[in-house]
Amino acid sequence: MTKNIIRSVKGTKDILPGESSEWQKIEKSFRNFIHRYGYREIRTPVFEKTELFARGVGEGTDIVTKEMYTWEDRNGDSLTLKPELTAPVVRAYIQHNLGTELPLTKLYYFDSLFRRERPQKGRQRQFHQFGIEAIGSPFPELDAEIISAAYLFLSDLGLSKLKLKINSIGSNIAREMYSRELVNFIKPLRNKLSKISQKRLETNPLRILDTKIPEEIDLLKNAPDITKYLTNEDQEHFQDVVKLLEIMEIPFILDSRMVRGLDYYSRTTFEITSDSLGGQDALCGGGRYDSLVESLGGKPTPAMGFAAGVERILIALGETQISNYTNRTDIFIITMSKDSLEMGISLSNILRKEGFYIGMDSLRRSVKSQFREANKLRAQYALILGEEEMKQNKVTVKQMSSSDQSMIDINSISSFFKKSFSL
RNA sequence: GUGGGUGUAGCUCAGCUGGUUAGAGCACCUGGUUGUGGCCCAGGAGGUCGCCGGUUCAAGUCCGGUCACUCACCCCA
């Protein structure tokens, strides 16, 4: 079983014919859905300059410090397989001056990303996300529209038990102030914290709030609340977002402990989780990133977006039944002699050109086997090209479901099927 | 990077306390009329029991190592 064959790399997966239709469904639904909001697709390269992520995502983040696939190109450039999609999209936005075409740029993507993490349920090293980025508006109505779009799309897919959590982590100034206060609060408790949290005290104090260790959650009960440190503008903005979500009747939970791991977020952040997953329960995450465009060298431009994980959505949707023969087959052509084989080949081309889904044996198998194949493919009709038929310039048409069969003139084949399939 | 679980046919698994040529179901292939499917019947193909080493007269079964997969932590979608 595990001989000397070359296997796919750890953390990567083949999407086999039995499951690819599920992927197509999600991709198609998302495109249809998001087009109605006016988003257009952008496709960025699989790799970028490493610097883009270092600056965009944040030097201190886990993604940048330990999860990127990075290598040196022959000319010495450091390149990286994209671990994240917002930074590349923003880079493209700046590079091509997309902001000059319209004041609000609405982009969506469906793409592969790469992070070198230990694989587990709902997490691979190559994985897929779809999402949107709207660049150019600072107003809460954009936040609300994006959050509701994410929520509505996922529930339209048929996902239940969705939990939408929202929070505001404020503008940069507010976050700095809060961060200082939080550190002051935690320092006395330092020794009671886990090693990881102690380390975070130095690197990213806000993330301590995210801990899942029960004792720590208890310790942090009385920790200062970020909402109290928001500026008036931040608060107003967030209240508007909340109000709009209520107007749209999108159910949400306020969670002031939810802190996102990427440096570029500001103000509104949100996450949609599902109970039907294990430890990796986030299906979708997003938020506002008002200073990213500027920090990547563009003009100061506020923006907001989300990304959703395809693999996780598929898990949450439940076991997708894997069948090998889901393809449609209208007519299966059964051949015998060499003459009928030649006839079958040209007939199949003609019928395919007319739009029919044609199957035909290419293993020179017995008639019985060919019928078995036709049955397995759930063909509606079998078209038999035997010697008797050839002699009379006819073919036998058998309707598989009823087993009715009759001979028809060879010239009337396409009109016969057009009528049967009412094309 | 850390910890747990698992590794027998394409898939799901059985194989009692070590004992002859390693099994089942599903899937696959062929046949059961000379040109006809589904159900049924018969037959067939497919496994160096993850790999390496050790204990033993004897190892799928015990021991050690290794690799792979998987789940969880970290972090994230």
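Proteins come first, then strands; the chains are lettered A, B, ... in the order of their sequence lines, and each starts at number 1.
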Quick check: A:Phe421 with A:Phe356 (ring centres under 6.0 Å apart)?
yes
Between atom CG in A:Asp361 and atom C1' in B:G35, what is the gap in whole Å?
14 Å
Please compare A:Gln129 and A:Arg116 by the position of their nearest nucleotide in RNA chain B and report the one closer to 5'.
A:Arg116
Is a donor-acceptor pair below 3.5 Å formed from side chain A:Gln370 to base B:U36, judging by atom type as modelled?
no
Using atom P in both nucleotides, what's the gap between B:U8 and B:C52 to the nearest angstrom?
16 Å
Taking only side-chain N and O atoms of A:Gln120, does any of them lie within less than 4.0 angstrom of OP1 or OP2 on B:A72?
yes
Roughly how many Å apart are B:G46 and B:A24, using the P atom of each and rounding to a whole number?
15 Å
Are A:Lys368 and B:U30 close enough that a side-chain N or O sits under 4.0 Å from OP1 or OP2?
no
Sugar-phosphate only, base, or nothing, as touched by A:Gly122 at under 4.0 Å among non-hydrogen atoms:
base
B:G32 base / A:Arg372 side chain donor-acceptor hit below 3.5 Å:
yes
In whole angstroms, the gap separating C1' of B:A77 from CD of A:Glu117 amounts to 10 Å
In whole Å, I'd like the distance from the CZ atom of A:Arg115 to the C1' atom of B:C74.
14 Å
Does B:G31 have OP1 or OP2 under 4.0 Å away from a side-chain N or O of A:Ser366?
yes
Using atom P of each nucleotide, how far apart are B:C62 and B:C16 to the nearest Å?
9 Å
If you look at every strand shown and take non-hydrogen atoms under 4.0 Å, does A:Gln405 touch a base, only sugar-phosphate, or nothing?
base
Length of the CD-C1' vector between A:Glu373 and B:G38, whole Å:
14 Å
What is the separation between atom CG on A:Asp62 and atom C1' on B:C73, rounded to the nearest whole Å?
13 Å
Can you tell me if A:Ser171 and A:Ser266 form a side-chain donor-acceptor pair at under 3.5 Å?
no
Could you check whether A:Lys338 pairs with A:Glu342 (Lys NZ or Arg NE/NH1/NH2 to Asp/Glu carboxylate O, under 4.0 Å)?
no
Under 4.0 Å: is that the gap between some side-chain N or O of A:Thr396 and OP1 or OP2 of B:G35?
no
Taking a pair to mean Watson-Crick or G-U wobble geometry with both distances below 3.5 Å, B:C16 pairs with none
Would you say B:C69 has OP1 or OP2 under 4.0 Å from some side-chain N or O of A:Lys121?
no
So what does A:Lys10 hit on the nucleic acid, given a heavy-atom distance under 4.0 Å: a base, only sugar-phosphate, or nothing?
sugar-phosphate
Looking at A:Arg118 and B:G4, is any side-chain donor or acceptor paired with a base atom of the opposite kind under 3.5 Å?
no
Identify the nucleotide, in any strand shown, that forms a Watson-Crick or G-U wobble pair with B:G25, with both distances under 3.5 Å; if there is none, say none.
B:C11
Classify A:Gln399 by what it touches in the nucleic acid, base, sugar-phosphate, or nothing, heavy-atom distance under 4.0 Å.
nothing
Below 6.0 angstrom between ring centroids: does that apply to A:Phe153 and A:Phe30?
yes
A:Ile384 CD1 to B:U34 C1', in whole Å, measures 15 Å
Side-chain donor-acceptor pair present, A:Ser179, A:Glu176, cut-off under 3.5 Å
no
Rounded to whole angstrom, note down the P distance from B:U2 over to B:A9.
30 Å
5'-most contact on RNA chain B: A:Ser402 or A:Glu311, nearest heavy atom basis?
A:Ser402
Could you tell me whether A:Glu388 contacts a base, only the sugar-phosphate backbone, or nothing, with contacts defined as non-hydrogen atoms closer than 4.0 Å?
base
Between A:Gln126 and A:Ser112, is there a side-chain donor-acceptor contact under 3.5 Å, judged purely by atom types and distance?
yes
If pairing requires Watson-Crick or G-U wobble contacts with both distances under 3.5 Å, which nucleotide is the partner of B:A42?
B:U30
Rounded to the nearest Å, what distance is computed from the CE atom of residue A:Met258 to the C1' atom of nucleotide B:C76?
13 Å
Whether A:Ser337 contacts B:G35 is assessed here as follows: a side-chain N or O lying under 4.0 Å from the phosphate OP1 or OP2. Is that the case?
no
A:Thr86 and A:Glu133: side-chain donor and acceptor closer than 3.5 Å?
yes
Describe the nucleic acid contact of A:Ala374 in one word from base, sugar-phosphate, nothing, applying a heavy-atom distance below 4.0 Å.
nothing
Closer than 4.0 Å, any side-chain N/O of A:Arg7 to the OP1 or OP2 of B:A68?
no
Can you tell me the pairing partner of B:C74 across any strand shown, Watson-Crick or G-U wobble, with both distances under 3.5 angstrom?
none
Please give the nucleotide sitting opposite B:G60 as a Watson-Crick or G-U wobble pair, both distances under 3.5 Å, or none.
none
Aromatic contact between A:Phe417 and A:Tyr381, with the criterion being ring centroids under 6.0 Å apart: yes or no?
yes
To the nearest Å, how far apart are A:Phe371 CZ and B:G35 C1'?
8 Å
